[in-house]
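Let me begin by presenting the structure, written as structure tokens, before commenting on it.
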Amino acid sequence: MTTTDEAPWWRGAAIYQIYPRSFQDTDGDGIGDLAGITRRLDYVASLGVDAIWISPFFTSPMRDFGYDVSDYCDVDPIFGTLADFDALVERAHALGLKVIVDQVFAHTSDLHPWFAESRTGEEGDKADWYVWADPRPDGTPPNNWQSVFGGPAWTWDARRRQYYMHTFLKEQPQLNVHNPRVQDALLGVARFWLERGVDGFRLDALNHAMHDPQLRDNPPAPDNGQVRTRPFDYQIKRFSQSHPGVVDFIERIRALCDEYGVIHTVAEVGGDNAEAEMRAYISGDTRLDSAYGFDFLYAPDLTPQFVEQALARWPDDTAWPTWAFENHDAPRALSRWCGPAEADRFARFKLALLIGLPGNIMIYQGEELGLRQDEIPFELLRDPEAIANWPLTLSRDGARTPMPWTPSGGFTTGTPWLPQFADNLSRSIEAQAASDASQLNTTRRLLKFRRDTPPLRRGRLTRLSSEGPLLVFGREWASDLILCLFNFAADAIPVPDHLSGRVVLSVNDATETVLAGHSALLLRMDS
């Protein structure tokens with residue numbers, strides 16, 4: 001890494017994820033929309049983030065709430081129009097915010113015209129645009145691959161007298177991205193949004209985009225002692241995903257983006273071999289800029305040793321990770337990592353940790369308020385995975401409830417698509433705005449500190465270690481070294497004698513000599 005200020009805008013960026021259904025409704029139908037995002041962009045800019053990532057708003061039957069796309073190049077009417085999107089981009093850019101949108105390239109909706117044509121027969125123009133296979137001699141699916149949402153990853157289609165593959169819902173047929181014409185069509189989609197002024201793409205489930213053409217059975221996964229709630233968890237996904245050909249497609253995506261200047265590309269990568277795939281997807285100057293996995297998103301506990309292990313997998317700055325503690329698919333971090341009595345303090349602590357991590361960081365809407373996981377009763381669930389796996393569910397709905405703008409809601413004049421509960425309403429933006437000590441204003445201060453501190457935004461990782469409840473790492477840029485100390489325990493611990501420097505940031509009453517419970521201390525190591 002050079003030590004000049006010439007770096008792309010995304011390097012070290014803080015990115016704010018917006019789940020449009022739950023952000024702000026402007027027409028009273030109980031569902032958030034693009035006009036609502038535009039209306040609230042001043043608030044987002046006030047947080048001090050560099051960019052927004054908007055989850056899918058494309059035309060969709062909403063079986064998986066937008067991740068089942070039936071028209072990649074239009075806005076679903078519940079979210080507005082293309083003109084609304086253009087107005088959003090214009091306003092975001094006026095506020096200095098970059099705009100990143102999702103691209104769902106592994107699958108479409110079964111109502112997409114491509115799939116309608118593909119299922120008509122084996123001789124059509126788009127016959128091989130999806131993953132089709134003949135049944136076994138006994139009529140069963142072609143192999144043992146399983147769906148994330150439960151049951152076989154194959155559904156019989158009587159029109160073709162074949163099975164089609166779907167890693168997720170049966171309404172989300174898998175695209176055959178091995179096919180160059182499919183790649184061309186997907187690149188055309190990306191170009192459509194680039195022409196509308198987007199600044200980047202978050203590439204959904206990218207390692208699911210290609211399968212083993214031989215359709216070999218996945219091997220069984222060893223029992224790791226954890227409760228397995230889905231057939232999907234009983235397999236090593238060696239052949240159903242993560243084909244090495246994805247890298248060639250990535251290079252085509254990068255080449256297209258480079259035509260439009262500094263376009264940020266970040267891949268979502270999960271699975272058994274996520275780390276190696278993330279590195280393959282972002283290595284060199286001809287692939288993606290960054291990738292984020294699931295290190296923290298589903299972690300039941302946050303410990304210094306866990307964080308040390310996660311950071312140790314990215315020991316230098318030749319590859320640029322992205323970190324997230326929360327998103328629309330994962331339970332809220334505070335509900336996983338601490339008890340109710342310590343949640344307010346822990347919220348400040350975990351955000352201090354997040355702003356110290358090397359790479360890019362993502363903040364999910366409401367995380368800046370310290371929102372907890374809402375408990376949705378079964379009869380009000382909307383998430384197909386939560387319904388299918390009840391009661392052993394990750395409860396995505398509980399992290400998707402509408403943003404609490406005011407103590408009474410402020411999200412819609414109608415009935416919200418998911419209920420809002422008193423616990424999180426008490427943490428509304430309006431309720432927190434006036435208090436300098438609130439989680440909202442603490443978030444603003446911490447994000448500003450990260451933005452204004454080159455070692456945190458761009459510096460390399462150094463001096464990584466953990467002992468007991470103490471995590472220590474350094475962030476170094478040129479000759480400027482910031483030492484970051486975190487106490488993961490509820491009780492105070494002394495600052496080790498050999499760790500000294502000038503205090504530049506204290507969170508939760510940390511001092512030069514004592515780290516209070518769940519506190520953070522950042523020291524500048526003067527040369």
Side-chain angles (χ1 to χ4, degrees), residues 8-20 22-23 37 40-41 43-56 67 92 97-104 198-206 263-270 274 278 281-282 288-299 302 307 310-311 314 319-334 336-337 347 350-371 373 396 399-400 403 439-440 442-444 446-451 456-458:
W9 66 263
W10 55 263
R11 201 164 179 91
I15 300 168
Y16 187 83
Q17 183 194 354
I18 294 175
Y19 191 69
S22 299
F23 197 62
I37 296 174
R40 297 296 191 178
L41 283 177
Y43 164 77
V44 176
S46 78
L47 297 175
V49 297
D50 302 284
I52 56 173
W53 152 34
I54 310 174
S55 293
Y67 285 92
L97 294 169
K98 304 293 186 181
V99 178
I100 297 169
V101 300
D102 255 306
Q103 294 286 260
V104 188
V198 303
D199 304 287
F201 297 119
R202 181 260 194 186
L203 297 157
D204 179 70
L206 189 58
I263 301 299
H264 182 46
T265 49
V266 56
E268 179 198 33
V269 182
M278 290 166 70
Y281 292 179
I282 66 177
L288 306 180
D289 298 319
S290 187
Y292 87 96
F294 298 85
D295 297 84
F296 297 107
L297 289 173
Y298 299 107
L302 187 69
V307 178
L311 295 183
W314 301 89
W320 199 254
T322 293
W323 307 100
F325 291 167
E326 302 183 7
N327 73 9
H328 63 292
D329 280 337
R332 292 282 186 183
L334 292 177
R336 288 181 279 127
W337 290 345
K350 81 173 180 65
L351 189 65
L353 174 62
L354 185 64
I355 66 137
L357 297 180
N360 290 354
I361 59 173
M362 287 186 170
I363 296 172
Y364 177 51
Q365 63 182 52
E367 188 172 2
E368 75 277 15
L369 304 175
L371 297 190
Q373 181 81 354
R396 298 188 302 178
R400 297 176 175 181
M403 278 284 283
Q439 178 65 19
L440 172 58
T442 298
T443 299
R444 287 170 169 150
L446 291 176
L447 288 173
K448 182 179 187 303
F449 183 81
R450 176 182 167 94
R451 174 181 276 186
L456 296 188
R457 188 175 176 96
R458 301 185 194 171

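Quick caveat: nothing in here was measured; it's all calculated off a predicted structure.
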Test side-chain hydrogen bond (donor to acceptor under 3.5 Å, both in side chains) applied to E367 and K350, Q439, R332, the passing residue: K350
Closest heavy-atom pair and its distance - A92, L41: N-CD1, 3.7 Å
Min side-chain heavy-atom separation S290-T265 under 4.5 Å: no
Side chain to side chain donor-acceptor pair (under 3.5 Å) partners for E368, two or more places apart: Y16, Y43
For A330 against A399, the heavy-atom pair lying closest together: O-CB, 3.3 Å
Polar side-chain atom of R336 near backbone of L297 as donor-acceptor pair, under 3.5 Å: yes
Nearest non-hydrogen partners of I263 and V198, listed with the distance: CD1-O, 3.6 Å
Ring pair (Phe, Tyr, Trp, His ring centres under 6.0 Å) against F23, all qualifying residues, sequence neighbours excluded: W405
Within-4.5 Å side-chain heavy-atom neighbours: D295 and V307: no
Heavy-atom check, side chain of N360 versus side chain of P321, under 4.5 Å: no
L203/D102 under side-chain contact (heavy atoms from CB on, under 4.5 Å): CA gap, chis, key distance, verdict: CA-CA 6 Å; L203 297 157; D102 255 306; over 6 Å; no
Nearest-0.5 Å distance that lies between atom OG1 in T442 and atom CG in L369: 11.5 Å
Check: D289 and W320 side chains under 4.5 Å, non-hydrogen atoms: no
Min side-chain heavy-atom separation V101-W53 under 4.5 Å: no
Aromatic ring proximity, centroids under 6.0 angstrom, Y292 and W323: no
Residues that A14 engages under side chain to side chain contact (heavy atoms under 4.5 Å, CB included), provided they are two or more places apart: V49, D50, I361, L447
Taking every non-hydrogen atom, the tightest pair across P358 and L311: CD-CD2, 3.9 Å
Closest non-hydrogen atom pair, A347 against G370: CB-CA, 4.4 Å
Counterpart residues, ring pair (Phe, Tyr, Trp, His ring centres under 6.0 Å), relative to Y67 (two or more places apart): H328
Partners meeting side chain to side chain contact (heavy atoms under 4.5 Å, CB included) with A51 (sequence neighbours left out): W9, I15, K98, I100
Side chain to side chain donor-acceptor pair (under 3.5 Å) partners of R450, counting only residues at least two apart: none
From CZ (R396) to CG (D329), nearest 0.5 Å: 5.0 Å
S22 (side chain) donor-acceptor with R400 (main chain) under 3.5 angstrom: yes
Any donor-acceptor pair under 3.5 Å from Q365 side chain to Y19 backbone: yes
Step-by-step side-chain contact (heavy atoms from CB on, under 4.5 Å) determination, Q17 to N327: CA-CA 7 Å; Q17 183 194 354; N327 73 9; 3.3 Å; yes
Closest approach of E326 to A333 (non-hydrogen atoms, all atoms of both residues): OE2-N, 3.2 Å
Atom pair CG (L446) and CG (L353), whose distance is rounded to the nearest 0.5 Å: 11.0 Å
Spacing of I37 atom CD1 and I52 atom CD1 [to the nearest 0.5 Å]: 6.5 Å
Positive for ring pair (Phe, Tyr, Trp, His ring centres under 6.0 Å) with F325, one of Y364, F294, Y298, F296: F296
Residues L354, M362; criterion side-chain contact (heavy atoms from CB on, under 4.5 Å); working and verdict: CA-CA 9 Å; L354 185 64; M362 287 186 170; over 6 Å; no
Stepwise side-chain contact (heavy atoms from CB on, under 4.5 Å) check, L357 with I355: CA-CA 6 Å; L357 297 180; I355 66 137; over 6 Å; no
